[in-house]
Amino acid sequence: TTRTPEFLGLDKSADLFPESDSASEVIIAVLDTGVWPESKSFVDTGMGPVPSSWKGQCESGTNFTSANCNRKLIGARFFSKGYEATLGPVDESKESKSPRDDDGHGTHTASTAGGSIVEDASLFGYAAGRARGMATRARLAVYKVCWTGGCFSSDILAAMEKAIEDGVNILSLSLGGGMSDYYRDNIATGAFAAMEKGIFVSCSAGNSGPSSYSLSNVAPWITTVGAGTLDRDFPAFVSLGNRQNYSGVSLYRGSELPGRLLPFVYAGDASNATNGKLCMMDTLIPEKVAGKIVLCDRGVTARVQKGAVVKAAGGWGMVLANTAANGEELVADAHLLPATAVGQKIGETIKRYMSADPNPTATILFEGTKLGIQPSPVVAAFSSRGPNSITPDILKPDLIAPGVNILAGWSGSAGPTGLAADTRRVDFNIISGTSMSCPHVSGLAALIKAAHPEWSPAAIRSALMTTAYVTYKNGRNLQDVSTGKDSTPYDHGAGHVDPVAALNPGLLYDLTTDNYLSFLCALNYTSSQITILARRKHTCDPSQKYGVADLNYPSFAVNFDTTQSNGGGVIKHTRTLTNVGPPGTYKASISPQSPGLKILVEPATLTFSKVNEKQSYTVTFTGSSMPSNTNIFARLEWSDGKHIVGSPIGISWT
Amino acid sequence: GPEKETKSQRKTYIVHMSKSEMPAGFEQHTHWYQSSLKSASESAEMLYTYDNVVHGFSTRLTVKEAELLEGQPGILSVLPELRYELH
């Protein structure tokens with residue numbers, strides 16, 4: 001990626017991160033659409049021999065041999081039996097029955113997590129710069145589990161099975177499904193086994209935001225990653241016939257529009273279809289759009305597909321307007337024709353102009369790449385949101401990382417839009433999603449693993465979460481692009497990842513397999529359900545009182561039941577901190593304190609005299625009666641004056 | 001014919017086994033899995049066997065076969081496969 005290393009402070013702190021032996025020992029497994037091994041992001045210059053712990057393979061298949069692997073890309077496998085059993089044989093004329101990535105997504109995520117340094121990377125000159133993965137010295141192993149027809153869980157489980165056997169340290173999955181109980185969700189079951197082997201599992205939170213309860217991959221042994229923006233934009237202005245200019249974004253590069261205003265038509269007025277405004281396939285009337293710029297509404301079909309529809313109908317350009325579902329979030333695309341995306345408010349303004357002017361005109365001006373956009377990061381509208389629908393007492397997502405307009409490696413088999421009609425080929429592409437934020441965290445976890453090889457997956461997550469930030473440098477709270485207001489822990493979890501701080505968190509909330517088994521007991525899982533996850537008999541002790549709130553998680557989700565007599569009550573959460581810094585005394589603070597809720601930390605001071613010393617504390621939440629659906633948010637911080645160990649708190653009355 | 005019809009009615013299931021309940025007569029757990037599967041379906045074949053992530057296997061079954069298999073000793077659950085999507 002370009003820009004994200006600087007945005008995350010990795011460039012200034014290069015000497016803090018191990019770049020030699022220990023980093024080269026970390027192996028990141030990426031389960032995705034495969035890999036384009038010829039990408040410069042997988043060049044292995046300067047890398048030492050493959051770690052002796054590695055037991056994996058570079059499998060052969062369509063247009064892929066073991067020679068495609070090297071000291072960077074040390075493994076590549078593919079899993080298609082489940083896919084083929086349901087949808088029939090892989091059509092090898094259309095997709096490679098091998099680890100080769102014909103889509104681009106897998107190459108993008110793998111290069112984001114652990115790609116080598118590539119000078120002069122860009123997409124058509126956009127986002128130009130030195131591209132690198134988060135963990136440039138880590139090794140990559142790619143497991144292809146997604147095909148044209150989807151990603152099937154029998155294949156995903158088989159890939160996780162092999163990845164564990166192969167000896168990977170990090171599992172990165174930028175995919176998800178519906179919301180199922182953990183024992184039914186194959187990613188959750190596979191991740192449990194990986195966690196037991198000390199493998200850090202990072203998964204995308206999903207792109208179903210900004211709706212509440214829209215998260216996927218919420219098991220507490222998974223690190224769930226939402227998406228935020230960078231301080232980078234790709235402005236492309238709409239200039240109207242009334243001399244008003246409005247800002248949008250675009251990655252279009254190609255023939256420019258003629259240097260004059262063109263006729264401008266709303267798609268809804270150039271179609272006989274019910275939803276003509278959406279510019280869906282074969283819905284535009286060519287006579288009404290030929291030679292014009294067309295305004296389309298976002299929704300239902302892919303953004304780039306709408307551009308292709310306008311182009312096929314003879315349109316010269318497109319303005320793509322957000323609707324309420326997306327608000328003011330602007331996602332840039334490498335459209336096939338001159339096009340720009342605008343927010344909902346600007347879209348409405350433009351529509352008013354078009355209604356008022358009998359002969360509306362417009363043109364689009366492309367401005368290239370702009371850096372230093374503030375505020376940044378802001379939570380992406382598409383990033384899935386809490387509360388956690390499976391276990392409301394565990395706060396998810398865990399944190400956010402860059403996931404909007406991310407440049408990274410791409411497949412040589414697909415154009416940047418992914419459309420069949422797109423015959424352009426690029427080395428790098430710019431795309432958005434929690435798919436992009438997840439491998440950022442996977443790569444950063446690899447850096448932390450290299451610096452602290454003895455840390456458990458939960459310890460690594462704790463370091464990432466407790467050091468994440470929730471305010472900008474000016475002290476204001478992180479924003480949510482979908483509302484334009486402060487984001488909450490249901491949107492950003494513990495906050496935006498800060499890898500430099502995560503290297504030295506001071507204190508950790510650690511978790512073992514036994515802790516997770518007690519958590520399953522607290523969920524009242526049956527013996528069979530626990531055996532599915534744990535792969536062994538585990539008997540919950542009937543004399544022990546298990547509580548979900550006792551899971552030593554680095555965040556707090558508290559739920560008051562409004563149907564109870566007083567509609568509030570007292571809820572206690574217990575946590576244990578492990579010192580991984582110098583001896584010190586940490587003091588607790590809670591902010592903000594809200595009316596209707598009292599939060600008490602006991603003890604409020606913890607003194608650690610040596611490394612790995614553990615100290616426990618209890619947080620008591622006393623809530624008064626509140627209407628159902630009330631949410632209050634706060635933050636607990638432990639600080640010794642040098643370290644800040646932060647935990648988000650989400651309190652709901654349901 | 002009927003075989004084709006059965007094939008089209010089949011769905012993929014993840015079969016979770018309680019490995020500790022493997023009868024003494026079996027030397028390898030995969031043989032036990034195979035035997036359990038055969039007791040529910042003559043023609044079903046395993047797609048994958050799993051040992052690190054879960055104890056069990058994936059296979060294609062009709063709903064009836066899945067129900068029959070679920071009743072066999074040592075079977076924890078027979079869960080339909082899920083389809084995931086890229087984010």
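Proteins get letters first, then strands, A, B, ... in listed order; numbering begins at 1 in each. Atoms considered below: every heavy atom in the structure, side chains included; atoms not considered: hydrogens, waters and symmetry mates.
The candidate from A:F192, A:F79, A:Y83 with the greatest count of non-hydrogen atom pairs under 4.5 Å with chain B is A:F79. No other option in A:S435, A:S528, A:A191 has as many heavy-atom pairs under 4.5 Å with chain B as A:S435. Among A:E84, A:M160, A:H105, the residue making the largest number of heavy-atom pairs under 4.5 Å with chain B is A:H105. Put simply, of A:G176, A:G106, A:S174, the one with the most heavy-atom pairs under 4.5 Å next to chain B is A:G176. Most heavy-atom pairs under 4.5 Å with chain B: of the set A:G433, A:G82, A:G150, this distinction falls to A:G82. Between chain B and the options A:T526, A:T434, A:L533, A:T109, heavy-atom pairs under 4.5 Å are most frequent for A:T434.
Only the side chain of A:S180 comes within contact range of chain B, judged by heavy atoms closer than 4.5 Å. In this structure, the portion of B:H16 lying under 4.5 Å from any heavy atom of chain A is its side chain and not its backbone. Heavy-atom distances place the side chain of B:L79, and not its backbone, under 4.5 Å from chain A. B:I14 touches chain A through its side chain: at least one heavy atom from C-beta onward sits under 4.5 Å away, while N, CA, C and O do not. For A:S383, no part sits under 4.5 Å from any heavy atom of chain B, backbone or side chain. Of the atoms belonging to A:I187, heavy atoms from both backbone and side chain fall under 4.5 Å from chain B. A:S216 touches chain B through its side chain: at least one heavy atom from C-beta onward sits under 4.5 Å away, while N, CA, C and O do not.
Remark: B:K38 NZ is packed, more than 12 non-hydrogen atoms of other residues, nucleotides or ligands lying under 6.0 Å away.
Looking only at side-chain heavy atoms (C-beta outward), B:L76 and A:Y183 stay at 4.5 Å or farther from each other. Counting only heavy atoms from C-beta outward, the side chains of A:T33 and B:L86 approach each other to under 4.5 Å. Contact check for A:S154 versus B:F57: no side-chain heavy atoms found under the 4.5 Å cut-off.
Using modelled atom types, one side-chain atom of A:N207 and one backbone atom of B:H87 make a donor-acceptor pair closer than 3.5 Å.
Contact record, B:E81 with A:S153: CG-OG, 3.0 Å, taken as the closest heavy-atom pair. In terms of heavy-atom proximity, B:D51 sits nearest to A:R535 at O-CD, 4.1 Å.
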Step by step, would you call B:R83 with A:T86 a side chain to side chain donor-acceptor pair (under 3.5 Å)? CA-CA 11 Å; B:R83 196 186 286 206; A:T86 301; over 6 Å; no
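Note that CD1 of A:I532 is 3.0 Å distant from OG of B:S77, once rounded to the nearest 0.5 Å. One distance of note links NZ of A:K162 with CG of B:N52; it measures 8.5 Å at 0.5 Å rounding. The line from NZ of B:K19 to CZ of A:R536 is 12.5 Å long, rounded to the nearest 0.5 Å. Taking NZ of A:K81 as the reference point, atom CD of B:E45 lies at 10.5 Å (rounded to 0.5 Å). Taken to the nearest 0.5 Å, the OG1 atom of B:T49 stands 7.0 Å off from the CD atom of A:E161.
Remark: the B:Y84 side chain and the A:D155 side chain contain no N/O donor-acceptor pair separated by less than 3.5 Å.
Ion pair A:K537/B:E21 flagged as a salt bridge, since at least one NZ, NE, NH1 or NH2 atom sits closer than 4.0 Å to an Asp/Glu carboxylate oxygen.
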